[in-house]
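Notes to accompany the following structure.
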Amino acid sequence: MRIESVKIENFRQYKDVSIEFKKSSNQENDIHIVLGRNGVGKTNMLNAITWCLYGVESHLGDRNTAIEMINTSYAEERKLQGEKDGEVKVSITLSSETYPKQIIFRRTAKYSLNGNIRQKIDEYKEAEMLSENDEWELIDKDNDEAWIGLVQMHIPQEINEYIFFDGEQLQNYFHEGSKIQQGIKDLTQASLVLNVVDKFKKYVEQELQPKLRSCDDNEIKAKQKVVDDLTEKKTTAEKYIADFTTQSKICEEKINKLSAIISGFENIKEKTSELNAAEKDLDDLETSHATTKAELKKYLVLTYPYFALYPAIKSFSDYIKGQDSDGKLPPKIDKSLIQSILNSNKCCICNRDLDDNSHNHIEEILKQLTLSSATSAELNKTSTVLVEYFNRISEYKQKKDQFLNSLSQIEEKIKSTEKKCEGLRAYIKTVPNSESISKAIDDRDQYRNAFKDYQQKIGSERSNLQDCEQKLQIANKELTDVLQKNKSMSELNTKIEFCRSCVKVLNETANEVLSECREDMQSKTYSLFSNLIWKKDAFKEVKIEEDYSFKLLDSFGNQTLGSCSAAERALLALSFTLALQDVSKHDSMLYIDTPVGRVDDENRANFMETLLNISKNKQVILTFTPTEYDETIQSVLGGKYNSFTKLEINEGVTNKK
């Protein structure tokens with residue numbers, strides 16, 4: 001399927017613009033370029049297409065601040081002409097290799113123009129298709145079923161977001177797993193099967209089981225209550241598992257994103273802590289060095305006088321020693337011992353009582369000692385001071401060496417620590433936004449802990465669920481046995497058992513279809529991606545989980561989706577789209593608004609080469625701003641496009657240039 005033309009009348013910036021996307025027979029690439037600066041209405045062209053087909057503007061931003069759907073200039077002109085209403089129209093012509101060969105979809109919105117109020121009062125649609133006889137057949141505007149059938153045949157609404165891309169939103173493409181999953185259910189008709197499952201469940205819960213609860217048999221009511229209680233517990237456990245699984249997935253996505261930020265700098269936090277510790281050690285060492293140096297200086301100042309007085313002190317010491325050896329110094333006799341002899345009046349040697357002569361003699365000795373004590377005391381005191389002087393001088397070298405050794409050791413540690421700090425600082429300088437990365441490591445640790453916590457809770461709830469299911473199976477059997485005894489309830493029991501059997505079979509069928517479809521898309525997505533990507537050995541597997549969350553794994557099995565470039569993510573999105581179209585058997589065109597808006601300069605050429613290759617097998621429409629449509633893009637395209645449309649805006653109205 002391809003778009004042949006789009007005609008837009010009075011839709012937002014557009015008053016009357018027709019753009020053709022025809023393919024010439026001599027051009028290999030079915031690629032079409034639309035160029036216009038920001039605000040000219042490139043995205044609103046995309047909105048016009050989705051509005052025409054589905055009645056919704058899928059790519060409209062803030063509806064509260066967006067310009068009105070009806071073109072302002074047109075509305076004012078109608079008012080000046082005295083008209084009280086106006087119309088917005090969009091027509092799209094599609095062509096297909098299957099029947100019908102060509103279709104025109106038209107949607108019209110009628111507006112009331114009353115003063116400054118512009119209000120949509122009606123909206124209708126119609127379609128024309130080229131019959132087998134090459135005649136145009138009009139489909140009535142009230143025939144919704146025929147319209148929807150034609151749209152679904154060519155551009156199914158369920159996958160329209162995988163046909164009409166907004167390049168600015170490609171970074172969020174793989175965060176919409178639930179939306180993708182619902183689209184797959186609709187395309188594979190699994191949603192129809194699951195709707196039938198819901199109907200069976202509601203029939204049992206709302207029609208059959210209430211009859212059991214209201215019956216007169218107390219045993220049946222008691223058994224039914226056990227079943228109801230266990231069913232409620234089972235539902236609660238399933239809800240908790242779903243909630244915890246969702247939170248676990250969120251944590252996993254956060255972990256992957258943060259890991260991409262941290263990648264290559266895993267030990268930055270450790271290195272930062274190590275640097276902080278080393279800098280503190282350096283501060284302590286420098287303080288210790290300054291303190292030791294001050295203590296050495298103080299010691300030298302205190303010791304200097306000893307060396308200055310040493311000659312005089314040595315001479316005086318030698319004189320005292322000479323006088324002492326000549327017996328010229330008073331004897332060193334203990335006065336307290338003599339006084340104790342006088343007090344006891346006994347000789348301390350023979351223990352004989354002292355006579356008067358002895359007593360008087362000892363008193364004379366004590367008197368002589370008293371007279372010489374002042375001289376003796378001064379000499380003794382001087383001797384003590386001299387000993388201290390000589391001790392200070394003798395220990396000087398040892399103490400000075402101790403200070404110098406301490407200073408040397410501290411200086412060596414300072415040099416070693418400074419070198420360590422320099423190395424750590426040099427490493428940290430190579431890390432961009434080291435503080436942000438350190439925070440990312442902290443955040444990742446928190447999400448990892450939360451992920452583990454959710455996994456434990458999931459395990460616990462699964463155990464509860466398994467226990468409930470086992471008990472519920474037994475309870476249902478007991479209820480069935482009781483019902484079989486009650487003839488009036490046997491028919492009701494048969495209906496319940498039949499519905500349960502249908503639910504089981506239908507669930508298994510839907511799950512099998514979805515599983516096969518998912519595995520097929522997973523395989524095709526990776527096959528296409530590996531052929532399109534220019535880094536052939538960077539990725540080894542695409543994994544699509546049951547909830548349609550995506551994993552792009554490297555050779556070590558690590559998730560790399562968060563660290564992919566915008567170009568790589570865009571290619572993966574395109575690969576999935578092509579796989580989805582293939583599996584769903586809807587081989588649609590591709591419309592990409594601002595395809596290189598988030599692709600870096602280095603990868604733009606590769607990305608455009610890929611789009612050129614895709615355009616050999618399907619129509620590709622690309623919209624660019626003049627900035628995006630740079631020399632790189634122009635060089636790759638090299639005029640290999642089928643059509644080139646330039647849009648310009650003047651006084652709020654967009655036209656082709």
Side-chain angles (χ1 to χ4, degrees), residues 171-182 230 232-277 428 431-472 511 514-515 518-519 522 525-526 538-564 568-569 572:
Q171 73 274 16
N172 298 320
Y173 187 93
F174 296 105
H175 295 292
E176 299 293 337
S178 59
K179 190 181 291 186
I180 297 172
Q181 186 178 29
Q182 186 56 49
L230 288 170
E232 185 177 353
K233 288 181 180 179
K234 177 176 176 285
T235 302
T236 301
E238 288 172 338
K239 181 181 180 301
Y240 279 136
I241 290 171
D243 290 345
F244 293 148
T245 299
T246 299
Q247 293 302 318
S248 178
K249 289 286 184 184
I250 292 172
C251 288
E252 198 170 14
E253 284 185 6
K254 295 287 187 182
I255 291 168
N256 291 331
K257 280 187 176 181
L258 292 167
S259 294
I261 295 171
I262 298 163
S263 180
F265 307 109
E266 295 285 343
N267 56 352
I268 182 63
K269 184 180 176 183
E270 177 187 341
K271 294 293 183 184
T272 302
S273 299
E274 196 175 338
L275 175 60
N276 292 336
I428 291 171
V431 180
N433 301 320
S434 58
E435 290 184 5
S436 299
I437 292 175
S438 294
K439 184 180 183 305
I441 291 172
D442 289 335
D443 291 345
R444 186 180 65 175
D445 290 343
Q446 291 180 9
Y447 280 116
R448 279 177 171 172
N449 291 333
F451 178 79
K452 289 178 183 177
D453 183 48
Y454 285 126
Q455 290 298 306
Q456 290 175 354
K457 289 179 178 178
I458 291 170
S460 176
E461 289 302 327
R462 280 179 176 162
S463 178
N464 290 339
L465 179 61
Q466 187 177 9
D467 183 56
C468 283
E469 287 175 339
Q470 290 174 350
K471 290 180 178 178
L472 186 59
N511 290 333
L514 289 172
S515 179
R518 180 172 55 83
E519 290 174 3
Q522 179 175 276
T525 298
Y526 178 68
F539 311 105
K540 296 299 180 186
E541 182 183 3
V542 169
K543 192 170 184 182
I544 304 176
E545 304 287 4
E546 290 185 7
D547 62 352
Y548 279 81
S549 59
F550 277 68
K551 288 186 177 180
L552 181 59
L553 307 180
D554 61 16
S555 56
F556 301 102
N558 298 318
Q559 165 72 298
T560 63
L561 190 57
S563 59
C564 286
E568 290 165 345
R569 290 175 67 85
L572 185 59

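Nearest heavy atoms, Gln522 versus Val542: CG-O, 3.0 Å. A pairwise comparison of heavy atoms in Ile544 and Arg518 identifies O-NH1, 2.8 Å as the closest pair. Between Ile241 and Arg462 the shortest heavy-atom distance is CD1-CG, 3.6 Å.
By the side-chain contact (heavy atoms from CB on, under 4.5 Å) test, Cys251 pairs with Tyr447, Ala450, Phe451, Tyr454, sequence neighbours left out. Contacts of Glu238 classified as side-chain hydrogen bond (donor to acceptor under 3.5 Å, both in side chains), with partners at least two apart in sequence or in another chain: Lys234. Residues passing the side-chain contact (heavy atoms from CB on, under 4.5 Å) test with Lys239 are Asp243, sequence neighbours excluded. When the side-chain contact (heavy atoms from CB on, under 4.5 Å) test is applied to Lys471, the partners found at least two apart in sequence or on another chain are Leu230, Asp467. Partners of Phe539 according to the side-chain contact (heavy atoms from CB on, under 4.5 Å) rule, which considers only residues two or more places apart in sequence or in another chain, are Phe529, Ile533, Leu552, Thr560, Cys564, Glu568. Under the side-chain hydrogen bond (donor to acceptor under 3.5 Å, both in side chains) criterion, Asn511 pairs with no residue at all, not counting sequence neighbours.
Here Ser438 contributes atom OG and Lys271 contributes atom NZ; the two are 13.0 Å apart, rounded to the nearest 0.5 Å. To the nearest 0.5 Å, atom OH of residue Tyr240 and atom CD of residue Glu461 are 7.0 Å apart. Here Tyr526 contributes atom OH and Lys540 contributes atom NZ; the two are 6.0 Å apart, rounded to the nearest 0.5 Å. Here CD of Glu274 is found 10.0 Å from OG1 of Thr272. Values are rounded to the nearest 0.5 Å. Rounded to the nearest 0.5 angstrom, Asp443 CG and Lys254 NZ are separated by 9.5 Å. Residue Asp453 holds its CG atom at 10.0 Å from CD1 of Ile458, rounded to the nearest 0.5 Å.
In this structure, Ser463 contributes its side chain and Gly459 its backbone to no donor-acceptor pair below 3.5 Å.
By the 4.5 Å heavy-atom criterion applied to side chains, Lys551 and Glu252 are counted as neighbours.
Gln455 CD: more than 12 foreign heavy atoms inside a 6.0 Å radius. Within 6.0 Å of CD on Glu469 lie more than 12 heavy atoms contributed by other residues, nucleotides or ligands.
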Next on the checklist: Test side chain to side chain contact (heavy atoms under 4.5 Å, CB included) on Glu545 and Lys249; report intermediate values, then the result.
Outcome noted: CA-CA 11 Å; Glu545 304 287 4; Lys249 289 286 184 184; 3.8 Å; yes

